[in-house]
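Okay, structure first, notes after.
Order of the sequence lines fixes the chain letters, A, B, ..., with proteins taken first and strands second; residue numbering starts at 1 for each chain.
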2 protein chains.
Amino acid sequence: MQKQETLSKNQKIILDLIEKSDQPLKAYSILFDVKKKGINAPLQVYRALDKLVEIGKIHKIESRNAFIACKNSKCQIAKATVFSICESCEDVTEIHDHKLSEHLRNFKDSKGMKYNKYNLEFFGLCKKCI
Amino acid sequence: MQKQETLSKNQKIILDLIEKSDQPLKAYSILFDVKKKGINAPLQVYRALDKLVEIGKIHKIESRNAFIACKNSKCQIAKATVFSICESCEDVTEIHDHKLSEHLRNFKDSKGMKYNKYNLEFFGLCKKCI
DNA sequence: TTACATGATGTTATATTATAACAATTAACA
DNA sequence: TGTTAATTGTTATAATATAACATCATGTAA
Ligand SMILES: [Zn+2]
Ligand SMILES: [Zn+2]
Ligand SMILES: [Zn+2]
Ligand SMILES: [Zn+2]
């Protein structure tokens with residue numbers, strides 16, 4: 001079987017929903033919303049989420065246990081992500097900063113570890129909440 | 001009442017345990033271990049963990065839902081953390097890299113957000129697991 | 001010293017997030 | 001066409017985390 005190019009039915013339903021939201025969605029809120037489309041169990045949601053994360057269509061915001069669509073065509077693989085998170089209104093934005101990415105991509109620690117992925121989350125207050 | 005300087009009984013018990021481990025511990029594994037010391041409920045553990053995180057004695061590894069002691073006297077406040085995580089053996093190390101910290105501390109996004117905290121997790125394979 | 005405020009504790013119950021295990025179906029492909 | 005891998009559906013359960021309430025201890029101030 002060749003590598004999947006098209007999304008499956010459940011994957012499409014769930015990606016659509018996440019893409020329509022500009023903010024991260026939680027798994028059980030997704031579940032609630034897709035029940036009308038015949039997706040009834042948490043596992044169906046988590047399986048689709050896993051796949052979508054794997055192929056880089058969405059990212060997981062680890063500190064929030066929530067999922068947001070990737071709007072950057074460049075990060076087709078979710079291996080290098082940077083987010084800013086407002087601790088007041090919980091607004092989340094994916095950051096694409098070339099200089100920062102370079103710096104992180106080139107980072108070498110003192111232990112000779114080989115990195116293939118990173119996730120950076122900045123916390124603070126957005127303009128509206130300052 | 002002035003700001004607390006000494007840790008409470010439960011906080012001490014739980015910090016001791018985490019400091020004895022060089023690897024992150026999960027809340028319910030902590031709970032299991034401290035039952036012999038009279039801590040019986042998850043909430044007692046989570047309350048101590050919250051406090052210890054707040055004062056910078058421990059850090060939460062967000063992608064693993066686990067807690068590790070801070071061994072750096074400088075990061076008394078858990079506001080700027082960098083970790084390397086081996087995806088094979090799950091070994092976690094806190095990274096203190098001056099240049100990287102500077103870069104992250106000085107990072108300004110295009111939206112004018114005011115940051116007071118960040119957390120960066122690198123994933124890969126450690127020397128033993130390559 | 002009495003009242004008050006704050007922080008910590010103990011306890012029961014419950015909410016939230018995520019996976020195990022198994023059976024059935026669908027889609028690519030040799 | 002038979003084989004394999006991916007996906008789906010379903011039930012149950014594991015793992016992570018918080019709500020709500022009562023009590024106790026300690027520092028501050030009238
Ligand atoms: Zn992205
Ligand atoms: Zn905000
Ligand atoms: Zn630290
Ligand atoms: Zn390793």
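- When the side-chain nitrogen and oxygen atoms of B:Lys12 are compared with OP1 and OP2 of C:dA8, none of them lie within a distance under 4.0 Å.
- Summary for the helix from C:dT1-D:dA30 to C:dA30-D:dT1: the axes at its two ends, each from 5 pairs, differ by 30° when rounded to the nearest 10 degrees.
- If you take CD of B:Glu62 and P of C:dA18, they are 12 Å apart, rounded to a whole angstrom.
- Counting to the nearest Å, the C1' atom of D:dA25 and the CD atom of B:Gln11 are 14 Å from each other.
- Counting only residues at least two apart or in different chains, salt bridge (charged side-chain N to carboxylate O under 4.0 Å, His left out) contacts with residues 97-116 of chain A comprise A:Glu102-A:Arg105.
- Looking at B:Glu121 and A:Lys117, no side-chain N of the basic residue comes within less than 4.0 Å of a carboxylate O on the acidic one, giving no salt bridge.
- Atom-to-atom, CG of A:Leu15 to P of D:dT7 comes out at 14 Å; the value is rounded to the nearest Å.
- When the C1' atom of D:dA6 is taken as reference, atom NZ of A:Lys51 falls 7 Å away, rounded to whole Å.
- For the pair A:Lys12 (side chain) and A:Leu7 (backbone), a donor-acceptor distance under 3.5 Å is present.
- Between the side chain of A:Asn40 and the backbone N or O of A:Gly38, at least one donor-acceptor pair lies under 3.5 Å.
- We find that CG of B:Leu49 is positioned 14 Å from P of C:dA8, with the value rounded to whole Å.
- OP1 and OP2 of D:dA6 both lie 4.0 Å or more from every side-chain N or O belonging to A:Ser8.
- Judged purely by atom type and a 3.5 angstrom limit, A:Glu19 has no side-chain atom pairing as donor or acceptor with the backbone of A:Asp16.
- Residues B:Leu15 and B:Ile39 share a hydrophobic cluster, clusters being chains of Ile/Leu/Val/Met/Phe/Trp/Tyr side chains in contact below 4.5 Å.
- Across the protein-nucleic acid pair, A:Phe32 atom CZ and C:dT16 atom C1' stand 16 Å apart, rounded to whole Å.
- Contact annotation: A:Lys9 side-chain N/O to D:dT7 OP1/OP2 distance is not under 4.0 Å.
- When the P atom of C:dT26 is taken as reference, atom CG of A:Asn10 falls 13 Å away, rounded to whole Å.
- Not less than 6.0 angstrom separates the ring centroid of B:Tyr118 from the ring centroid of A:Phe123.
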(message) Please encode protein proximity along nucleotides 10-19 of chain D as a string of B, S and -, counting only heavy-atom distances under 4.0 Å.
(response) BB----BBBB
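- For the pair A:Lys37 NZ and D:dG9 C1', the computed distance is 19 Å after rounding to whole Å.
- Under a 3.5 Å cut-off, the side chain of B:Lys26 and the backbone N or O of B:Arg64 do form a donor-acceptor pair.
- For the side-chain hydrogen bond (donor to acceptor under 3.5 Å, both in side chains) with B:Asp91, the qualifying choice from B:Lys127, B:Lys128, B:Gln23 is B:Gln23, the only one to do so.
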